[in-house]
*Asks:* 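Take this structure first; my questions come after.
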Amino acid sequence: MFESFFPRPKLFFISLLIWASIVVLFWFTLGTDVGEFLGFQFAEEGASPVIGMGFFVTPNFLWFYLYYIMATIPFWLFWQRLSPNKWHRWSILGSALILFSTYYGVQVSVAINHWRRPFGDTLQNALMGEGNVTMGDFYGLMGTFAEIAFIAVAIFTFTRFFVSHYVFRWRTAMNEYYTAQWKRVRHVEGASQRIQEDTQRFASIVEGLGVSIVDSIMTLFAFLPILFELSVHVTELPIVGEIPAPLMTAVLFWSLFGTFLLAVVGIKLPGLYFKNQRVEAAFRKELVLGEDDVNRAAPIKLEELFLNVRRNYFKLYFHYLYFNVTRSLYLQADNLFAYFILVPTIVAAKITYGILQQILTAFGQVASSFQFLVNSWPTIVELLSIHKRLASFEAAMADMPLPKIDQDYLDAQGKVQE
């Protein structure tokens, strides 16, 4: 999978982790000093954020754009020289562009969150008859939102369009990689399906899931500081009382609890999905062979194979039953959790409507990022099953022992035939 698209994957990803750590560390320690040395005039700490399109062209953002380019190009040139690869422009520069556009999309959400406070406070003042609010005030704020929304639409459209091409290039690379080894792997169970269907499904899932993962990580980096700042408005939480950074603590506890809960409850699903692909492939293969050979696809054989399909699906349905109950209960409770922890603050009238909207938005963004596994678990399970199939396929290509789950299946098939 990765060998087909990324140059020397193990070394590549290790070097990427090291390089990213250095770049991030430099940014948070010396980044501001270097930016000021280059002439960027940053806003003072604690200054009110810019509302509207100007948010994206502040000195802080302009310096980040330049820094990101300066960090990306050397890494790409290093790997271009170390291990030339047909797909290195897509795998390295393409990945960097996706990361940047996803980050930019998250910053659009941050800009909207900043906008919510003046809009909410203006709405509150108007409803209470305070502050001499005019229609022009509302129309001006709505116009500002429209500016940000247009940027959001442009970024979202571009990101999805580019990611679609990026993922199809990855599928093309996998197709070329596997078909070049066809003579060695044509005997592997479901070889044609793995090359055609599994690579297609892998590409399709990565297109949606991959961007969602990156978006969740970027959202955490963007909204955690905002949530930390907003914690000054919340002095205590229900049951536990006063604690440091209450909003941060609450969202971390709730999200990690949900993630751990769903991971434990759904631990059996990846293996069942993998086995499901196995039994479906065996049933389909017998039907295909029966099209050209009258001695194949006998009713008794087909009934036996379909019985395996039925048995595995029923197991899958059973395990999804309690998984979906747990997942649904957690997500329903999640709808009220933010309000629940804010009850003491709301009753004490310590925040305005605008601040409440900011807290709810930031809390929701951080919680949804931490709850990525909760919201995407069925898709992750399917991706894991595909990965298992392609991993066993590549093991056969390299003349290596098959993974245990494959070997167990083949042993079981041999016992059935005996």
Side-chain angles (χ1 to χ4, degrees), residues 189-190 193-194 197-198 200-213 215-216 250-287 302-340 364 366-392 403-413 415-416:
E189 179 274 324
Q193 178 196 4
R194 300 191 192 205
E197 183 179 335
D198 285 350
Q200 183 273 330
R201 291 170 61 212
F202 178 83
S204 178
I205 293 176
V206 168
E207 179 177 349
L209 195 63
V211 173
S212 298
I213 293 174
D215 183 75
S216 295
V251 74
L252 286 171
F253 164 77
W254 182 244
S255 302
L256 293 177
F257 166 73
T259 300
F260 177 77
L261 176 66
L262 269 295
V264 172
V265 174
I267 195 170
K268 289 184 174 294
L269 295 178
L272 288 172
Y273 256 102
F274 175 81
K275 293 177 182 178
N276 201 55
Q277 290 296 317
R278 277 289 203 180
V279 295
E280 287 280 18
F283 182 59
R284 178 172 53 250
K285 182 177 181 179
E286 188 68 20
L287 289 171
L302 292 179
E303 182 178 353
E304 176 189 332
L305 292 173
F306 191 75
L307 181 62
N308 292 334
V309 173
R310 177 179 181 274
R311 187 181 297 114
N312 199 77
Y313 267 109
F314 282 10
K315 286 183 180 179
L316 197 60
Y317 297 156
F318 170 73
H319 288 289
Y320 253 120
L321 175 64
Y322 62 80
F323 174 82
N324 285 332
V325 169
T326 307
R327 180 169 178 259
S328 296
L329 287 173
Y330 176 80
L331 292 177
Q332 290 300 325
D334 184 61
N335 292 327
L336 287 178
F337 185 74
Y339 285 101
F340 171 74
V366 173
S368 63
S369 297
F370 275 116
Q371 295 164 5
F372 178 80
L373 287 177
V374 175
N375 296 314
S376 305
W377 189 250
T379 307
I380 293 173
V381 166
E382 184 179 1
L383 181 62
L384 290 175
S385 70
I386 295 171
H387 180 271
K388 287 176 182 291
R389 286 177 56 79
L390 292 178
S392 61
K404 184 178 184 301
I405 192 169
D406 267 280
Q407 194 58 54
D408 290 345
Y409 174 83
L410 293 176
D411 293 343
Q413 290 295 104
K415 291 179 181 179
V416 170

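All values derive from a computational prediction rather than experimental measurement.
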*Asks:* Just jot down the ring pair (Phe, Tyr, Trp, His ring centres under 6.0 Å) partners of Tyr317, sequence neighbours excluded, or say none.
*Replies:* Tyr313
*Asks:* Once you round to the nearest 0.5 Å, how far does CG of Leu331 lie from OG1 of Thr326?
*Replies:* 11.0 Å
*Asks:* With Val265 as reference, evaluate Tyr330, Phe260, Tyr322 under the side chain to side chain contact (heavy atoms under 4.5 Å, CB included) test and give the passing residue.
*Replies:* Tyr322
*Asks:* Under 4.5 Å between any side-chain heavy atoms of Arg311 and Leu307, yes or no?
*Replies:* yes
*Asks:* For the CZ atom of Phe323 and the CG atom of Leu261, what is their distance to the nearest 0.5 Å?
*Replies:* 9.0 Å
*Asks:* So which heavy atom on Phe283 is nearest to which on Leu305, and how close?
*Replies:* CD1-CB, 3.8 Å
*Asks:* Please identify each residue that fulfils ring pair (Phe, Tyr, Trp, His ring centres under 6.0 Å) with Phe340, with sequence neighbours left out.
*Replies:* none
*Asks:* Leu329: what forms a side chain to side chain contact (heavy atoms under 4.5 Å, CB included) with it, not counting sequence neighbours?
*Replies:* Val325
*Asks:* Going from CG on Asp334 to CH2 on Trp254, what distance comes out if it is rounded to the nearest 0.5 angstrom?
*Replies:* 6.5 Å
*Asks:* Quick check on Phe337: does its CZ atom have over 12 non-hydrogen neighbours (other residues, nucleotides or ligands) under 6.0 Å away?
*Replies:* yes
